[in-house]
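For reference, the structure discussed in these notes is given below.
In what follows, chains are A, B, ... by sequence order, proteins preceding strands, each numbered from 1.
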Amino acid sequence: MSWSVLEALRTNPDVLKESLKKRYLPTDLVDKALELDAKWREAVTELNRLRERRNEINRAIPRASPDERQELIKRSKELGAKVKELEDLVKKLSEERDAILMSLPSIVHESVPEGPDDTYNVPVRFWGVPRVPKSKLERFKEETSGFDVEYQLVDWEPKGHADELELVLKQGDTLKAAQVSGSRFFYLFKDIVWLEQALIMFALDHITKKGFIPVLPPYMMREQYYLGVTDLETFKDSIYKVEGEDLYLIATSEHPLIAMHAGDTFTEDELPRLYVGVSPCFRKEAGTHGKDTKGIFRVHQFTKVEQIVYSKPEESWEWHERLIRNAEEIYQQLEIPYRIVNIAAGDLGACAAKKYDLEAWFPAQGRYRELVSCSNCVDWQSYRLRIKLDRKGRREFVHTLNSTALATTRTICAILENHQREDGVVEIPKVLRRYLEPFEAAPKEVIEPIKKLLKE
RNA sequence: GCCGGGGUGCCCUAGCCAGGAAGGGGGCUGGCCUGGAGAGCCAGUGGCCCACUGGGCCGCGAGGGUUCAAAUCCCUCCCCCGGCGCCA
C-alpha cells in the first residue's frame with residue numbers, strides 16, 4: 001500500500017517533477033526527499049540489525065547463570081547506546097523526509113491546463129442566457145471568447161449585489177456588523193433570512209435525492225486532523241484558531257466530513273460513500289485585503305451545503321464529473337447563468353489533482369465569479385488520515401472528492417444581480433417556492449425594498 | 001470540573017497487581033475435504049525494512065520516562081463508561 005506521491009517518488013520521480021513544474025513549483029524538493037529516503041532506509045536497516053542482536057541478548061538474560069548475566073547486561077547496554085544513537089538519526093531523517101512529503105501536492109491530472117495562475121484557467125462550457133448591460137458587453141465578449149454564448153442585451157444598469165442588498169432592499173447591513181465584529185461580517189434581515197433558509201433546504205433536498213447522506217458535522221476540529229485534510233498555505237490563511245484550545249473553526253464541512261473516517265478501512269462494497277454536509281464556514285480571508293470589500297460576496301462566515309464522496313480509486317474521475325453536474329443542476333434550477341472552468345495547475349490547491357469551478361454571471365460586475373469549487377483530492381487526504389480500502393487483503397487508499405452544492409452568501413449575491421428587475425425588485429427563483437410556502441412571514445415570489453433597516 | 005472504572009490487531013477478550021518473544025474466541029479471505037453446501041481441519045487477516053523459496057524490526061489510546069528488558073512500573077495528555085456538580 002502506498003501513497004501515489006510516495007510511490008512516484010521511489011519508482012518514477014520524473015512524473016513527480018513534471019507535476020510540480022506544471023504547478024510552477026520548484027522540483028528540487030523531489031531530489032532532496034529521494035536522498036533523505038535512501039539514507040533513511042539505509043539507517044533503518046542498520047537499526048533493525050542492531051535491535052535484533054540486542055533482543056537476542058535480552059532474551060538470553062533470564063536463562064543465564066549469574067556470572068553470564070552481568071556480562072550479557074553489559075553487552076546489551078553497549079548495544080543499547082548504539083541503538084539509541086541510530087534511533088535518533090532515523091527519527092531525524094524520517095522527520096525531514098516526511099516534512100517534505102507532507103508538503104508535496106497531489107500529482108495533477110493530465111487534463112489540467114498548464115499555467116501559473118487563474119488567468120490560465122480554461123472555460124469548458126457555458127449555460128444560460130446571461131443578461132448583459134450595454135456597458136458590460138465588451139467584458140462579456142472577453143469572458144466568453146472562443147464560445148458562442150447566447151445573451152440578452154439590457155439597456156439599464158443592474159445594481160451591484162452589495163448596493164442592491166443594503167441600499168435598495170435595505171435587508172442587509174455590513175456597516176453595523178463591521179462595528180460589532182469587524183469587516184467582512186454581516187447582518188441579514190427579513191426576506192433574505194428566509195431566502196437563505198430556502199436555499200439550504202433546496203440544495204439539501206436536491207443532493208439527498210441522489211443518495212447522499214445528510215450530515216451536521218462538528219464546527220471545530222483538532223490541529224492533527226486539520227493537517228490531514230488541508231495544506232499549510234490554506235491552513236494559515238483561512239483557518240481561525242480557538243484561543244487556549246487545540247481547536248480550529250472549520251472552513252468548510254468538507255474538513256470534518258473527511259476527518260470523520262480517519263483511520264477507517266472500507267470494504268469494496270461500502271464504496272462509494274456519499275455525504276452532504278451542512279454547516280457554517282469560517283474563513284480568515286487573510287491576504288485578500290481590498291478584494292470584494294462590499295456586501296456579502298467575500299465574508300468571514302457563511303453557510304454551505306457540501307457534497308463529499310469517498311470512492312474507489314478507479315471511479316474517482318467519474319465522480320468528479322458527477323459532482324460538478326449536481327452543482328450545475330442546482331444553478332440551472334435557480335436560473336443563474338454560469339460557466340464551468342477547469343482550474344490551471346498553478347492555481348490548484350495542494351490537495352487537488354483537478355478542480356472545476358462553477359462561476360456565475362454577475363451582470364453588474366460584467367464578470368463570471370466563483371460560486372462552486374469541485375475537487376478530486378485522489379489519495380492526498382486519505383493517505384494523511386489513513387483512510388483505506390480493503391481489497392480482499394490488499395490495501396489501497398480511497399479517493400476523496402468534494403464539491404460545493406451551494407454556498408448561501410454568494411448565491412444570494414448572484415440572485416440579487418441576475419433576478420433583479422429594473423424597478424429594484426428581486427424575483428425569487430420559482431424552484432424555491434415550495435421551501436418558502438409553509439411560512440407566513442416568508443416572501444413567495446419577489447423581494448421588495450423595505451422602507452427602513454430593522455435596526456434603525 | 002471532581003471521584004471511580006476502562007482503552008489490547010477487523011470485532012470481543014486474557015495478560016497488568018508480582019516486567020522476560022501478545023494467548024484465546026468471533027468475523028472475513030484463501031486452501032484441504034465435498035456432487036454441492038455445511039461441519040471439520042490448515043493458513044492468512046496492523047505498519048515498516050532488507051532479501052525476493054526467507055528473515056528481521058516496530059506496534060497493546062498518544063507522547064515521554066525508569067530498566068539489560070515495558071501491554072505490564074512512573075509522569076503528562078486524549079477518548080469512552082458510571083457517579084456527583086453545572087447546564088440549553
May I ask you to evaluate whether A:Arg49 reaches the phosphate of B:G55, defined as a side-chain N or O under 4.0 Å from OP1 or OP2?
no
Could you tell me which nucleotide pairs with B:A39 by Watson-Crick or G-U wobble geometry, both distances under 3.5 Å, or answer none if nothing does?
none
By nearest atom, which of the nucleotides B:C48, B:C57, B:C50 is closest to the A:Arg41 side chain?
B:C50
Check A:Glu285 with A:Arg283, please: is the shortest side-chain N to carboxylate O separation under 4.0 Å?
no
Are A:Arg433 and A:Glu437 within salt-bridge range, i.e. N to O under 4.0 Å?
yes
Which letter, B, S or -, goes with each nucleotide of nucleotides 58-69 of chain B from 5' to 3', with contact meaning a protein heavy atom under 4.0 Å?
S-----S---BS
Any strand, both distances under 3.5 Å, Watson-Crick or G-U wobble: B:U34 pairs with none
Under 3.5 Å, is there a donor-acceptor pair linking the side chains of A:Asp205 and A:Tyr435?
yes
Looking only at atom C1', what distance separates B:A88 and B:C3, rounded to whole Å?
26 Å
Does this structure show an ion pair linking A:Glu71 with A:Arg75, if we count only N-O contacts that are shorter than 4.0 Å?
no
With heavy atoms under 4.0 Å as the rule, sort A:Arg97 into base, sugar-phosphate or nothing.
nothing
Rounding to an integer number of angstrom, what distance separates B:C79 and B:C74 when you compare their P atoms?
22 Å
Decide, yes or no, whether a salt bridge links A:Asp37 with A:Arg41 under the criterion of side-chain N to carboxylate O below 4.0 Å.
yes
Should B:G1 form a Watson-Crick or G-U wobble pair with both distances under 3.5 Å, which nucleotide is its partner?
B:C84
Between P on B:G47 and CH2 on A:Trp3, what's the gap in Å once rounded to a whole number?
18 Å
Both A:Leu47 and A:Arg222 contact RNA chain B. Taking the nearest nucleotide for each, which residue is further toward the 5' end?
A:Leu47
Hey, does A:Arg69 reach any base, or is it just sugar-phosphate, or nothing, if we go heavy atoms under 4.0 Å?
nothing
Which whole number of Å gives the distance between the C1' atom of B:C12 and that of B:G7?
13 Å
My understanding is that only one of A:Lys92, A:Lys91, A:Lys84 makes a salt bridge (Lys or Arg N to Asp or Glu O under 4.0 Å) with A:Asp88; could you say which?
A:Lys84
Which nucleotide, in any strand shown, forms a Watson-Crick or G-U wobble pair with B:C16, with both distances under 3.5 Å?
none
When you check the side-chain N and O atoms of A:Thr27 and A:Lys21, is any donor under 3.5 Å from an acceptor?
no
